[in-house]
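The analysis underlying the following values was restricted to heavy atoms, covering all of them including side chains, and did not include hydrogens, waters or symmetry mates.
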Amino acid sequence: NDEGLQNNALFALSQKSDARAQQAVRDYATREDAPHKIREQAVFWLGQRHSEDNAQFLKQLFAKTPSEDAQQKILFSLAQMRGFGNDQWILDQAVNSKNQMEVRKQALFWASQMGGVDVAKLAALYDRGQEYEFRKQVLFVLSQKGRSPEAVDKLIEIAKNDKDKQLRKDAIFWLGQSSDPRALKALAELISK
C-alpha cells in the first residue's frame with residue numbers, strides 16, 4: 001500500500017530491458033486499483049522505452065481509456081517514441097472527431113513536433129476543418145513552422161481571406177511574430193486597406 005515504494009519499484013522495472021519487466025510495467029498501467037498518478041508514471045516510462053510492444057500497448061490503452069487527461073499522457077509517451085507508425089497514429093487521433101477536442105489539439109501538436117505533419121497537410125486540415133477550436137489549433141501549429149515560406153503563405157492567406165474574423169485576427173497575430181519580410185509586407189497591406 002506504500003505509494004512511494006510502488007513508484008520506486010515501477011521506476012526500477014522501467015529501467016530493465018527484459019520482456020518480463022516491461023510487461024510488468026504495462027500490467028501496472030492497466031490496474032484499476034492502482035493510484036492514478038503512479039499509473040500515469042507507468043505510461044510515461046513505457047514511452048521512454050523504445051519498443052514496438054510498448055507502442056502497441058499504449059495505442060490499445062488509449063482506445064480503452066475514458067480519461068481525457070490519461071489520453072493526453074499516452075499521446076505524449078507515444079510522441080517520445082519514434083517509429084512504429086506513431087506519428088501517423090497520433091495524427092489520426094487529431095482528426096478523429098470521436099476524441100475530445102483537447103485530446104485532438106494535443107495530438108495535432110505532437111504529430112507536428114514529431115515531423116509527421118508538413119505544411120501542406122496542415123493547410124489541408126485547416127481548409128477541411130469544421131470546428132473553430134481545431135482550426136485555431138492548426139493555425140497555432142502553422143505559426144510554429146514560421147521559418148517555412150509555405151507556412152507564412154498560408155497564414156497570409158488566412159489573415160486576408162478567412163470568413164471567421166477571430167481566426168483572421170489570430171493569423172495576423174502570428175504573422176506579427178514572424179521575421180519573414182513577406183509577413184511584414186502582408187501586415188502593411190492589411191493596415192492600408
Side-chain angles (χ1 to χ4, degrees), residues 1-122 124-126 129 131 133-145:
N1 293 330
D2 185 328
E3 288 185 18
L5 190 60
Q6 286 181 31
N7 197 32
N8 289 340
L10 184 65
F11 171 75
L13 285 168
S14 74
Q15 301 304 299
K16 301 275 184 202
S17 295
D18 69 68
R20 265 183 63 206
Q22 290 301 300
Q23 185 59 51
V25 177
R26 289 192 293 269
D27 290 345
Y28 193 91
T30 61
R31 281 185 44 194
E32 294 291 328
D33 64 329
H36 181 71
K37 220 172 190 175
I38 302 175
R39 287 176 65 194
E40 286 181 353
Q41 277 300 116
V43 166
F44 173 80
W45 291 121
L46 290 169
Q48 301 303 302
R49 180 66 60 178
H50 192 218
S51 95
E52 188 163 5
D53 288 341
N54 285 351
Q56 293 308 318
F57 169 79
L58 289 171
K59 291 171 188 175
Q60 292 167 359
L61 184 62
F62 181 92
K64 297 176 194 171
T65 301
S67 163
E68 187 177 315
D69 187 50
Q71 286 182 329
Q72 290 183 36
K73 300 256 188 298
I74 292 168
L75 289 170
F76 172 78
S77 286
L78 285 166
Q80 301 302 299
M81 192 189 318
R82 303 286 178 176
F84 314 116
N86 291 352
D87 55 349
Q88 183 58 52
W89 185 88
I90 290 172
L91 181 58
D92 292 344
Q93 301 319 304
V95 297
N96 185 345
S97 60
K98 292 179 183 174
N99 290 327
Q100 295 294 318
M101 184 55 70
E102 287 305 311
V103 170
R104 293 176 63 199
K105 288 165 53 176
Q106 282 295 305
L108 181 60
F109 174 79
W110 287 120
S112 176
Q113 293 295 304
M114 294 175 76
V117 186
D118 61 17
V119 173
K121 276 186 186 176
L122 286 170
L125 287 173
Y126 185 88
E131 304 101 338
E133 282 297 315
F134 188 72
R135 293 180 85 211
K136 184 177 174 88
Q137 181 70 3
V138 174
L139 193 57
F140 169 73
V141 173
L142 272 170
S143 77
Q144 301 304 295
K145 296 187 177 286

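In terms of the ring pair (Phe, Tyr, Trp, His ring centres under 6.0 Å) criterion, Phe57 has no residue partners (sequence neighbours excluded). The side chain to side chain donor-acceptor pair (under 3.5 Å) search around Asn7 returns none, not counting sequence neighbours. In terms of the side chain to side chain donor-acceptor pair (under 3.5 Å) criterion, Ser97 has no residue partners (sequence neighbours excluded). Residues passing the side chain to side chain donor-acceptor pair (under 3.5 Å) test with Asp33 are Arg31, sequence neighbours excluded. When the side chain to side chain contact (heavy atoms under 4.5 Å, CB included) test is applied to Asp118, the partners found at least two apart in sequence or on another chain are Ala120, Lys121. Partners of Phe76 under the side chain to side chain contact (heavy atoms under 4.5 Å, CB included) rule, at least two apart in sequence or in another chain, are Phe44, Gln80, Trp110. For the salt bridge (charged side-chain N to carboxylate O under 4.0 Å, His left out) test, no residue two or more places apart in sequence or in another chain qualifies with Glu52. The side chain to side chain contact (heavy atoms under 4.5 Å, CB included) check on Glu68 picks up Gln72, Gln100, Glu102, Val103, with sequence neighbours excluded. With sequence neighbours excluded, the residues forming a side chain to side chain donor-acceptor pair (under 3.5 Å) with Asn99 are Gln93, listed by chain and number.
Residue pairs that meet the salt bridge (charged side-chain N to carboxylate O under 4.0 Å, His left out) test with at least one member in residues 14-27, sequence neighbours left out, do not exist here. For residues 2-36, the pairs satisfying ring pair (Phe, Tyr, Trp, His ring centres under 6.0 Å) are Phe11-Trp45, with sequence neighbours left out.
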Atom pairs and distances, side-chain donor-acceptor, residues 85-92, under 3.5 Å, sequence neighbours left out:
residue	atom	partner	partner atom	Å
Asn86	OD1	Lys59	NZ	3.1
Asn86	ND2	Leu78	O	3.4
Asn86	ND2	Met81	O	2.7
Asn86	ND2	Gly83	O	3.3
Gln88	NE2	Asp92	OD1	2.7

Show your working on salt bridge (Lys or Arg N to Asp or Glu O under 4.0 Å) between Lys37 and Glu3 and close with a plain yes or no. CA-CA 9 Å; Lys37 220 172 190 175; Glu3 288 185 18; over 6 Å; no
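A 4.5 Å side-chain heavy-atom check between Gln137 and Glu133 finds every atom pair outside the cut-off. Using a 4.5 Å heavy-atom threshold, the side chains of Leu61 and Ile74 count as touching.
Note that CG of Leu125 is 11.0 Å distant from CZ of Arg135, once rounded to the nearest 0.5 Å.
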